[in-house]
Amino acid sequence: MDTTVLRSAYDRLLDAAAIPDLGDADNGGWNADQILAHLLSVDASIAAVALGVVAGSRPTFDNRISLDTWNLDRIITEHSGRADLIDHVRSQATVLCDIADQLNEEAASVPVPSLLLSNDALVLDQPIPLASLIDGLAEDHVPVHTQQLLDLRARRPGGRALGRLRAVRRALAVRGAPLP
């Protein structure tokens, strides 16, 4: 498999996760730490599935544990802060991509019985090729969570206005103009 797109998606996500002062979601959704813990859980599960396929077993993928708030809190507690969570997501994404890079066409095409939920709604309950499970991270899962992280910045009180003011200040500083 080629994981170039997936690696790029993780790079964008990790840049978004490193933005300082990410707030809470207005709609009661996950905060940045919960999003990162969710990614750690999903990535570990998919890496385990991929290794199981290579080992000759027929594993299944079920994302319910990666949605469980108790599990997310446990993962968050095991880390010393956001920077530690980001570092762990970075290293685990690398492991997942390295595993996927090693999959041959036969392994990548093995059907994996999959159960996917999102916002308490059933998204998928059927076997899909392992490659589709991994490609789904790059095509949908990681970009959606990247946008969630970016939305946390934008939803902070004054977040958009502050962002525009900072951009204006940087532009003026480059030109040598006085800063507002």
Side-chain angles (χ1 to χ4, degrees), residues 1-25 27-55 57 59-103 107-108 112 114-119 123-124 128 130-156 159:
M1 289 189 64
D2 179 8
T3 60
T4 304
V5 174
L6 182 57
R7 289 177 192 272
S8 294
Y10 276 110
D11 288 343
R12 287 187 295 280
L13 178 123
L14 293 166
D15 288 345
I19 295 171
D21 301 325
L22 294 175
D24 291 324
N27 60 2
W30 289 339
N31 64 32
D33 291 349
Q34 291 167 316
I35 292 167
L36 294 169
H38 167 73
L39 287 160
L40 285 170
S41 181
V42 168
D43 292 353
S45 296
I46 293 176
V49 166
L51 289 172
V53 166
V54 171
S57 66
T60 62
F61 178 74
D62 180 342
N63 77 334
R64 288 179 290 185
I65 191 66
S66 68
L67 303 172
D68 180 75
T69 56
W70 179 89
N71 188 47
L72 299 179
D73 290 343
R74 178 194 61 80
I75 293 168
I76 292 166
T77 301
E78 291 176 356
H79 293 82
S80 61
R82 173 100 29 90
D84 191 28
L85 279 165
I86 291 169
D87 286 345
H88 195 171
V89 169
R90 179 179 289 108
S91 63
Q92 192 158 282
T94 299
V95 168
L96 174 61
C97 289
D98 288 348
I99 292 168
D101 282 337
Q102 300 299 315
L103 295 174
V112 175
S114 300
L115 179 70
L116 300 174
L117 300 176
S118 180
N119 294 318
V123 175
L124 179 73
I128 60 172
L130 176 57
S132 296
L133 189 59
I134 294 168
D135 287 341
L137 293 173
E139 295 165 1
D140 183 59
H141 192 253
V142 175
V144 164
H145 289 304
T146 301
Q147 187 59 54
Q148 278 183 306
L149 289 166
L150 293 171
D151 289 347
L152 292 176
R153 178 193 63 190
R155 288 189 179 134
R156 279 194 339 231

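Side chains are part of it too, since the values below use all heavy atoms of this structure and drop only hydrogens, waters and symmetry mates.
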Under 3.5 Å, side chain of Q147 to main-chain N/O of V144, donor-acceptor pair present? no
Output for pair (I35 CD1, L152 CG), nearest 0.5 Å, gives 5.0 Å
Between L96 and L137, is the side chain to side chain contact (heavy atoms under 4.5 Å, CB included) condition met? List the steps. CA-CA 11 Å; L96 174 61; L137 293 173; 3.4 Å; yes
Could you walk me through whether I99 and V54 satisfy the side chain to side chain contact (heavy atoms under 4.5 Å, CB included) test, starting with their C-alpha distance in whole Å, then the side-chain angles of each, then the deciding distance to 0.1 Å, before giving a yes or no? CA-CA 10 Å; I99 292 168; V54 171; 5.7 Å; no
For P59 against V112, the heavy-atom pair lying closest together: O-CG1, 3.6 Å
Heavy atoms only: give me the nearest A17-L22 pair and the separation to one decimal. O-CD1, 3.9 Å
T60 and V49 have their tightest heavy-atom pair at O-CG2, 3.4 Å
Test of understanding: with side chain to side chain contact (heavy atoms under 4.5 Å, CB included), list the residues that count as partners of D98, not counting sequence neighbours. R7, T94, D101
Can you give me the closest heavy-atom contact between D140 and P143, atom names plus distance? O-CD, 3.3 Å
Can you see which heavy atom on L67 is nearest to which on L117, and at what distance? CD1-O, 3.6 Å
In plain terms, say whether D15 and R12 are close enough for a salt bridge, that is, a side-chain N and a carboxylate O under 4.0 Å apart. no
Are side-chain heavy atoms of L116 and F61 found at a separation under 4.5 Å? yes
How long is the straight-line distance from CH2 of W30 back to CG of L149, given to the nearest 0.5 Å? 11.0 Å
Do E78 and D84 pass the side chain to side chain contact (heavy atoms under 4.5 Å, CB included) test, and can you show the C-alpha distance, the side-chain angles, and the key distance before you say yes or no? CA-CA 9 Å; E78 291 176 356; D84 191 28; over 6 Å; no
Reported CG-to-CD distance for the pair D87 and Q92, which is rounded to 0.5 angstrom: 12.5 Å
To the nearest 0.5 Å, tell me how far N63 CG sits from L133 CG. 9.5 Å
Just how far is it from atom CG of L39 to atom CD of Q34, taken to the nearest 0.5 Å? 12.0 Å
Which value, rounded to the nearest 0.5 Å, describes the distance between I76 atom CD1 and R82 atom CZ? 9.0 Å
Only residue of L72, D68, D43 satisfying side chain to side chain contact (heavy atoms under 4.5 Å, CB included) with H38 is L72
Quick one: closest heavy-atom pair of S41 and N71, and the distance? OG-ND2, 3.6 Å
Please confirm whether the backbone N or O of D2 pairs with a side-chain atom of T4, one donor and one acceptor, at under 3.5 Å? no
Passing option when H79 is tested against I86, L36, D33, L40 for side chain to side chain contact (heavy atoms under 4.5 Å, CB included): L40
